[in-house]
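A quick write-up on the structure given underneath.
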2 protein chains.
Amino acid sequence: MSKKATIYDIAKELNITAATVSRALNNNPKISEKTRNLVLATATKLNYKQNRLALALKSGKSKNVGVVVPFINKNFFASVIRGIEDELYPKGFHVIISQTYEDRNREKKIIQNLLNAQVDGILLSTSFTEQNKDEFKETVKKSTPFILFDRVLRFNEISTVTIDDYQGGFVATEHLIAQGCKKIAHFDVDQSIELYQHRFKGYKDALAKHNIPFRKEYVISLQSNMEAGKDAAKTLMNLPEPPDAIFSSTDNGLLGAVKYLQSKSIRIPEDLSVVGFSNEPFTQFMEPSISSVDQSPLEMGKMAAKVFLEQIENDSNEKVQSNVVLPAKLIVRKSSSKT
Amino acid sequence: MSKKATIYDIAKELNITAATVSRALNNNPKISEKTRNLVLATATKLNYKQNRLALALKSGKSKNVGVVVPFINKNFFASVIRGIEDELYPKGFHVIISQTYEDRNREKKIIQNLLNAQVDGILLSTSFTEQNKDEFKETVKKSTPFILFDRVLRFNEISTVTIDDYQGGFVATEHLIAQGCKKIAHFDVDQSIELYQHRFKGYKDALAKHNIPFRKEYVISLQSNMEAGKDAAKTLMNLPEPPDAIFSSTDNGLLGAVKYLQSKSIRIPEDLSVVGFSNEPFTQFMEPSISSVDQSPLEMGKMAAKVFLEQIENDSNEKVQSNVVLPAKLIVRKSSSKT
DNA sequence: TTGTACGCGTTATCAC
DNA sequence: GTGATAACGCGTACAA
C-alpha cells in the first residue's frame with residue numbers, strides 16, 4: 001500500500017460513484033444504511049483518510065491558524081501558545097507556529113507565507129513598533145482575520161488582547177512604596193512599544209500619587225537579558241544617591257541586576273527591594289524569590305483564540321473588533337517583603 | 001477587495017491565459033520579458049498571493065511538517081521545536097505543533113489529524129511506551145516519514161534522534177562518586193520509557209565500576225514535579241541510613257527535593273550533593289545552582305529536522321533509517337561541588 | 001512564446 | 001437513494 005486511498009478507490013471497489021462515497025462518509029441522511037455500512041467498511045479496509053487539503057481548497061477554509069511570536073523558548077510565549085492550542089484544538093483547528101526573532105523583515109515574510117498557506121487567521125505578538133505602523137498595516141491588509149496579543153499595534157478593525165500593563169506598573173510601584181521604599185528606579189525596554197510605555201506610566205503615576213519626585217536618572221532603558229541588567233544595576237549603584245528599589249519591566253533584565261547586587265553584598269530586600277514583570281518560572285525558585293507581575297499567559301492565549309473564533313463565526317463581513325484587557329496580578333515574594 | 005486574487009484574475013486583466021501567468025510567476029525561461037513584467041506588475045497591483053493549498057494538492061507536497069510533543073511549555077521541548085524550526089523554515093517548511101499531554105489517545109488522534117492534513121512528515125516525542133508498542137505501530141503505518149526524538153520507540157525503518165542517556169547517567173553518577181559521595185540515591189520516572197531505563201542503567205553501572213553496592217531502597221520512581229520530589233526526599237531522609245547524594249533523572253523532581261532538604265536545614269552540597277537531568281533554565285539561577293545533564297535540545301531539534309530532510313530528499317522508496325545519538329553533557333554547578 | 005486541456009481529492013448541484 | 005458533472009487554484013504536458 002504505497003499510495004494513499006481516495007474516495008475513488010472506495011467507489012471503484014464497490015462499483016458506486018465517488019459522490020455516494022462522500023455522502024456516506026459525511027453522514028448524509030439520504031443514503032441507504034446498507035451502502036453506508038459498505039462504504040465505512042471498505043474505508044477502514046483501505047485505510048482511507050480524508051485529504052484535508054482538497055477539502056480546504058474546495059471550502060476555502062484550511063482549519064489552520066498561524067501563531068507568530070518573537071521567540072518560542074520563552075516561558076511566556078510558550079504558555080500563550082498552549083492557551084491558544086487548548087482553545088482551538090477541540091474545534092478542529094491546527095496551529096502553525098513561527099517565530100520572528102524580533103526581526104521585522106522576517107515577520108513580514110512569515111505573514112506572507114502564512115497567508116499563502118491559506119490560514120484561517122493569524123494570531124500574533126508583533127515585533128513592529130509605533131514607528132513602523134504603516135509598514136505593518138501594509139503587510140497585513142485585511143483579507144484574513146488578525147488578532148494581536150501582548151505586543152500590539154492599534155488599528156480599526158484589528159482585535160487585540162493585552163493585559164493591563166499600566167495597572168501592573170502602578171500596583172508594583174505602589175507595593176514598593178508601601179514597603180517603605182522612596183527611591184525607586186525603573187528598568188524600561190523600549191518606549192516605542194506600547195506595553196513598555198504603559199508600565200512606565202504606571203510607575204510614574206504611582207510615584208506622583210504618593211508625592212515621590214520622579215527622577216530621570218533612575219530610569220534606564222535596556223535589553224531584556226542578564227548582561228544588560230548587570231550593567232544597569234552597576235550604573236544605578238554608582239549614582240550619588242543610589243535607589244532603594246527597582247521596578248523592572250522584565251524579569252530577565254532584573255535577574256542580571258540581582259546577580260550583580262548579590263555579588264556586591266547588597267541585601268535583597270533589606271537594602272534594596274525589587275519587583276519584576278512576567279512572572280517567569282525562575283523568579284520563584286531563586287534565593288530570594290523574586291516578586292513579579294503575572295501576565296496570565298494561558299488566559300491570554302485562550303482569550304486570543306476566543307476572539308478569533310468569534311470573528312470567523314460572525315462570517316458576515318461586519319467588522320467585529322474586540323479589545324480585551326486582562327488584569328495584571330502582582331505576585332509578592334521575598335525580594336520585596338521587608339516585614 | 002473582498003476575494004483573494006487568483007492567476008485567473010491576473011490573466012483576465014491582461015487578456016492572456018492563466019497558464020502564461022503561472023509561467024511568468026514561476027520564472028519559466030520561455031516567456032517574453034514584456035509579459036513577465038506585465039504579469040508581475042498586475043500581480044502586485046491585485047495583491048495576488050499564491051495559494052499553497054492548490055499547489056499542495058497538485059504536487060502532493062504540503063510543505064508542512066507536524067511536530068508532536070508531550071508539552072510545549074517545558075523549556076526542553078520549546079527549545080527542540082526552535083531547533084526544528086530553525087532548520088526547516090529556510091527550506092520553506094512550516095511547522096504544525098501539537099501537544100499530547102502524555103495522553104496516548106490524544107496522541108493517536110493528533111497523528112490522524114496531521115496525516116489528514118497531508119503533512120510531509122511527523123517529528124514526535126511519543127507518549128507511547130514499550131507496553132503499547134504495537135498500538136503505536138498500528139497508528140503510524142508508514143505512508144509518511146516519522147522521526148522520533150527523545151522519547152522514542154524503536155522499529156525498523158523509523159529514524160530516531162536521542163541523546164546518550166546512558167552516558168549521561170553514568171557520568172553524573174561518577175561525578176558524584178568523585179566528590180566523595182558513597183550513598184547515592186536515584187530518582188527514576190518510568191522504566192517503561194527507554195530513556196529512563198538508560199539513565200538508570202548508567203547510574204547502576206557507575207556504582208558497580210567503583211565497587212559501590214547498589215541499594216534498592218535508594219531508587220524511587222516519581223512523577224516529574226515538585227510535590228513528588230518533596231515526598232521522595234522525605235522518604236529518603238527517613239531511611240535508617242539516608243543517602244549523601246541524589247542523581248535525579250529530571251530537574252523538576254529534584255527541585256522539590258532541594259526545597260525539602262533546605263527546609264530541613266540539610267546543606268547542599270556539604271551534607272548532600274545533587275545532580276539533575278535536562279539543564280532546565282532554573283537550575284542555574286537557584287541558590288545553590290544545580291548541576292544537571294544537558295540534553296542539547298537545540299541540536300536535537302536540528303538533527304531531527306535534518307534526518308527528516310534526508311528522508312524526503314531520498315525520494316526513492318528506499319528505507320533510509322538513521323539512529324542519531326547526541327552526546328550528553330554534564331554541567332557541574334554548586335550543588336555538587338564540595339571542593 | 002503562448003494557448004488548451006487535464007488532474008490533484010473533495011463536495012455541491014443538478015438530474016434521474 | 002444514487003450518478004454525473006462542475007468547481008476550488010494551480011502547474012504542466014502537449015499543441016500551435
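Just so you know, these numbers use all the heavy atoms, side chains as well, and skip hydrogens, waters and symmetry mates. What you are looking at is a predicted structure, and each value in this text was computed from that prediction instead of being measured. Within every chain, numbering begins at 1; the chains are lettered A, B, ... in the order of the sequence lines, protein sequences first and strands thereafter.
Checked against salt bridge (charged side-chain N to carboxylate O under 4.0 Å, His left out), A/R104 has the following partners two or more places apart in sequence or in another chain: A/E135. For the ring pair (Phe, Tyr, Trp, His ring centres under 6.0 Å) test, residues two or more places apart in sequence or in another chain that qualify with B/F128 are B/F136. Here A/Y8 pairs with nothing under the ring pair (Phe, Tyr, Trp, His ring centres under 6.0 Å) rule; sequence neighbours left out. By the ring pair (Phe, Tyr, Trp, His ring centres under 6.0 Å) test, A/F77 is found to be paired with no residue, residues two or more places apart in sequence or in another chain being considered. Scanning for side chain to side chain contact (heavy atoms under 4.5 Å, CB included) contacts around B/S59 gives B/K61, with sequence neighbours left out.
The backbone N or O of A/S192 sits nowhere less than 3.5 Å from a side-chain atom of A/E130 that would complete a donor-acceptor pair.
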Distance-only criterion, 3.5 Å: show the donor-acceptor pairs between side-chain atoms of residues 148-155 of chain B and protein atoms not counting sequence neighbours.
from   : atom 1 : to     : atom 2 : distance (Å)
B/R151 : NH1    : B/E102 : OE2    : 3.2
B/R151 : NH2    : B/E102 : OE2    : 2.8
B/R154 : NE     : B/E194 : OE2    : 2.7
B/R154 : NH1    : B/T160 : OG1    : 3.0
B/R154 : NH2    : B/E194 : OE1    : 3.0

Side-chain polar contacts of residues 9-16 of chain B - donor-acceptor pairs under 3.5 angstrom, sequence neighbours left out - could you list them?
from  : atom 1 : to    : atom 2 : distance (Å)
B/D9  : OD2    : B/T6  : N      : 2.8
B/E13 : OE2    : B/K45 : NZ     : 2.6

Sequence neighbours left out, cut at 3.5 Å: what donor-acceptor pairs do the side chains of residues 88-98 of chain A make with other protein atoms?
from  : atom 1 : to     : atom 2 : distance (Å)
A/Y89 : OH     : B/N113 : ND2    : 3.4
A/H94 : NE2    : A/R52  : NH1    : 2.7

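Contacts between chain A and DNA chain C, taken as any atom within less than 4.0 angstrom of a protein heavy atom, begin and end at C/dG9 to C/dT13.
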Open item on the list: Counting primed atoms plus P, OP1 and OP2 as sugar-phosphate and everything else as base, spell out the protein contacts along nucleotides 8-16 of chain D at 4.0 Å heavy-atom distance: B, S or - for each nucleotide, 5' to 3'.
Closed with: BBBBBB---
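Between the side chains of A/Q118 and A/N116, not a single donor N or O lies within less than 3.5 Å of an accepting N or O. A/D103 and A/T100 share no donor-acceptor pair across their side chains, judged by distance under 3.5 Å alone. Side-chain contact check for A/Q112 and A/T139: no donor-acceptor pair (N or O, by modelled atom type) lies under 3.5 Å.
Taking a 4.0 Å limit (strictly below) on heavy-atom distances, residues 28-42 of chain A reaches DNA chain D at A/K30, A/I31, A/S32, A/T35.
Axis orientation changes by 50° from one end of the helix from C/dT1-D/dA16 to C/dC16-D/dG1 to the other, with each end axis drawn from 5 pairs and the value rounded to 10°.
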